[in-house]
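A short worksheet on the structure shown next.
Everything numeric in this text was worked out from a predicted model, so none of it was measured. In listed order, ligands and their atoms are each counted from 1.
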Amino acid sequence: MSGLISTRDLSPEQINTLLDRAQEFADGATSQRLHGKVVTTAFFEPSTRTRLSFELAAAKLGAEVLTFDPRTSSTTKGESFRDTVLTLTAMGADVLVIRHELADAARWAATWSGLPVVNAGTGRADHPTQALADALTLRQRFDGLDGLRVVIVGDIANSRVARSHLAALPALGVEVSLVGPPELMPAANPWQVDMGHDLEEVLGDVDVVYLLRIQKERGASGFGDAAGYSARYGMTRERLSMMKPNAVVMHPGPINRGVEIDDFVADCDRALILTQVGNGVPMRMAVLEAAGPGR
Ligand code: NCD
């Protein structure tokens, strides 16, 4: 495995191997697999969890970590994405971790650089390590994924997280369905999953309600009615009580309290949001170890 661009490129066996290794790291295993290697993160969109967990994962594997920040770099002087990738490569990076608004940016970076590239979120297309970290969280909570029912709720149209889940989870036996307002649903359904507009109708049937943020910066800009959205799709204490007793709430973050999730739900012990964040580190260790240099 050289780099990781999309969960679509992974077989179920590869996903399970990565999840097993991530669980070992979560249980305290250590590795210096990237000792002496340079892991460069280049995030052309904002990030808190993903960038820091990649950098922490790389540091735990013994790598030198370089952070490229477009907002304080020569990107502001007109340097192109391609020239930036070539510059980071010339400096001796061994792995690039890329986040970019364009769907194919990570693939292009791999072609231009000849390096393993790990995708940290591209456009609406892919966010493979988020999907893997979430699969790890599900596996820990439910003791296996086969037969689990997950409904992804909200701005599916603009969500790379949803697309990565739709590529990864069904291959692991998880039944995924989608719920959201018509204007935030995908135009096509190549995954052939159930799509609907009524959250309360499905709440009692699922093991996981996976909430999404309305991603205005990615095209949901015409969608201004946050109060109307919350009334129909916001996860509230009342809606939580409509779920099965052991069902959980997940969210990739950043959460918008009062829009897709209220304070009670965000802070209750059935919300796995911070567990998801924590699992980002061992999961990214497993990915960097498997996809990094020398593989
Ligand atoms: C997501 C992203 O950037 O795709 N966040 C994340 O990486 N945890 C989801 C989002 O921005 O809403």
Side-chain angles (χ1 to χ4, degrees), residues 4-8 22 41-58 67 69-71 97-106 117-138 150 152-169 176 178-181 184-186 208-221 223 226 229-230 233-235 249-261 265-266 271-285 287-288:
L4 175 60
I5 306 293
S6 171
T7 43
R8 277 172 289 138
T41 61
F43 279 53
F44 292 81
E45 284 185 353
S47 170
T48 298
R49 285 149 283 270
T50 307
R51 183 172 65 76
L52 291 175
S53 61
F54 264 112
E55 293 180 352
L56 185 54
T67 305
D69 177 3
R71 284 156 295 248
V97 179
I98 304 275
R99 168 170 286 195
H100 201 282
E101 65 184 335
L102 296 177
D104 291 320
V117 170
V118 181
N119 185 347
T122 40
R124 303 179 184 85
D126 293 292
H127 196 348
T129 58
Q130 181 69 48
L132 291 171
D134 294 340
L136 181 65
T137 304
L138 287 172
V150 176
I152 305 178
V153 183
D155 184 8
I156 320 281
N158 294 298
S159 176
R160 53 196 176 210
V161 174
R163 283 180 183 74
S164 283
H165 278 134
L166 284 159
L169 292 181
V176 180
L178 308 175
V179 164
L184 297 181
M185 294 301 274
V208 181
V209 171
Y210 194 99
L211 302 172
L212 296 172
R213 181 175 63 88
I214 299 172
Q215 297 135 115
K216 293 197 167 152
E217 79 283 9
R218 271 181 235 149
S221 48
F223 192 85
Y229 180 87
S230 308
Y233 299 103
M235 229 14 236
V249 176
M250 295 174 72
H251 192 310
I255 61 173
N256 286 152
R257 288 174 184 256
V259 184
E260 71 271 15
I261 189 166
V265 178
L272 305 187
I273 302 165
L274 295 175
T275 309
Q276 294 171 259
V277 175
N279 277 331
V281 178
M283 195 64 243
R284 288 173 176 116
M285 288 174 77
V287 168
L288 286 171

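Of the candidates Ile98, Val97, Thr67, Val97 is the only one forming a side-chain contact (heavy atoms from CB on, under 4.5 Å) with Phe43.
In this structure, Asn119 contributes its side chain and Leu4 its backbone to no donor-acceptor pair below 3.5 Å.
Contacts between Arg218 and ligand 1, counted as non-hydrogen atom pairs separated by less than 4.0 Å, involve the side chain only. Using a 4.0 Å cut-off between heavy atoms, Glu45 makes no contact with ligand 1 at all.
For ligand 1, the polar-atom distance check against Pro252 finds a nitrogen or oxygen pair separated by under 3.5 Å.
Looking at Asp126 and Arg8, a side-chain N of the basic residue comes within less than 4.0 Å of a carboxylate O on the acidic one, giving a salt bridge.
When the ring-ring contact (aromatic ring centres under 6.0 Å, His included) test is applied to Tyr210, the partners found at least two apart in sequence or on another chain are His165. With sequence neighbours excluded, the residues forming a ring-ring contact (aromatic ring centres under 6.0 Å, His included) with Tyr229 are Phe223, Tyr233, listed by chain and number.
Of all protein heavy atoms, the one lying nearest to atom 4 (O) of ligand 1 is Arg160 NE, 2.7 Å. Looking only at protein heavy atoms, the nearest one to atom 5 (N) of ligand 1 is Gly253 O, 2.9 Å.
Of the candidates His127, Arg213, Glu260, Arg49, the one placing a heavy atom closest to atom 10 (C) of ligand 1 is Arg213.
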